[in-house]
Amino acid sequence: SQKIEQNSEALNIQEGKTATLTCNYTNYSPAYLQWYRQDPGRGPVFLLLIRENEKEKRKERLKVTFDTTLKQSLFHITASQPADSATYLCALDTGGGFKTIFGAGTRLFVKA
Amino acid sequence: GAVVSQHPSWVICKSGTSVKIECRSLDFQATTMFWYRQFPKQSLMLMATSNEGSKATYEQGVEKDKFLINHASLTLSTLTVTSAHPEDSSFYICSASKLAESSYEQYFGPGTRLTVT
């Protein structure tokens, strides 16, 4: 069956460290993968999109990798700050941009 | 930018009544909009895909007669929860799809918290 799994329900790290979140999927062949941030009681906010032919993408303190052989994406936040505390969702395109399937999310807590 | 609004942001209604939620793309045209629901600490569950000028495509297990979707224009989609029951209480989120560099990015509304008493 098709599945998207994010490594852990919650991740606690110290301010200044790098947070690494994992997204694994099975039985999908996505053309691209996206990462979103969601704060409590709010809709998700788009962060980064990485295509199947891209290995890595960066945006400010964010870095995403995409390994289609391992069927895995890693999401890194460097020099993390308490303001980075939120739930991070990975999402797969299932073809043509007409349907996006979301993982359950990882709640990140950055402690000052 | 790519801004999507939802109205209302929260609503409380009595069991048996109907509630309409609006989703608007404010600064771009969206041929496709999506409706999701989200329970506490769970992921977004896609309910339906809404295309302008045509009938919505519902996901398996979502009752189309209960969750009426209308996509009247390229900037407006509405979700009506008919004969609402307490189990329909949830966080409903819409998104609008925008083409960017040969791939589609989704922009989400702020969500609508529905409580059915």
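Hydrogens, waters and symmetry mates play no part in the numbers below; they use all other heavy atoms, side chains included. Sequence lines set the chain letters: A, B, ... in the order given, protein chains first and strands last, and positions in each chain run from 1. All of these numbers come straight from a predicted model, not from anything done at the bench.
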Among B/S95, B/S43, B/S9, which residue forms the greatest number of heavy-atom pairs with chain A at distances under 4.5 Å? B/S43
In the hydrophobic clustering (ILVMFWY, side-chain contacts below 4.5 Å, transitive), which residues join B/V62, or is it alone? B/V11, B/V19, B/I21, B/W35, B/M47, B/Y58, B/F67, B/I69, B/L79, B/V81, B/Y92, B/L114, B/V116
For the pair B/F108 and A/F102, evaluate ring-ring contact (aromatic ring centres under 6.0 Å, His included) and give the outcome as yes or no after the intermediate values. CA-CA 13 Å; B/F108 286 82; A/F102 285 82; 5.6 Å; yes
So what's closer than 4.5 Å to chain B heavy atoms on A/Q38: side chain, backbone, both or neither? side chain
Heavy atoms of other groups near A/K3 NZ, more than 12 under 6.0 Å: no
Report, as yes or no, whether the 6.0 Å neighbourhood of atom CD on A/E9 holds more than 12 heavy atoms from other residues, nucleotides or ligands. no
Check whether B/I93 gets within reach of chain A through its side chain, its backbone, both or neither, counting any heavy atom under 4.5 Å. side chain
Near A/Q14 CD, under 6.0 Å, is it more than 12 heavy atoms from other residues, nucleotides or ligands? yes
Validation row: B/S97, A/T100 side chains within 4.5 angstrom (heavy atoms): no
In terms of heavy-atom proximity below 4.5 Å to chain A, should B/E59 be classed as side chain, backbone, both, or neither? side chain
By ring-ring contact (aromatic ring centres under 6.0 Å, His included), which residues pair with A/F46, not counting sequence neighbours? A/Y36
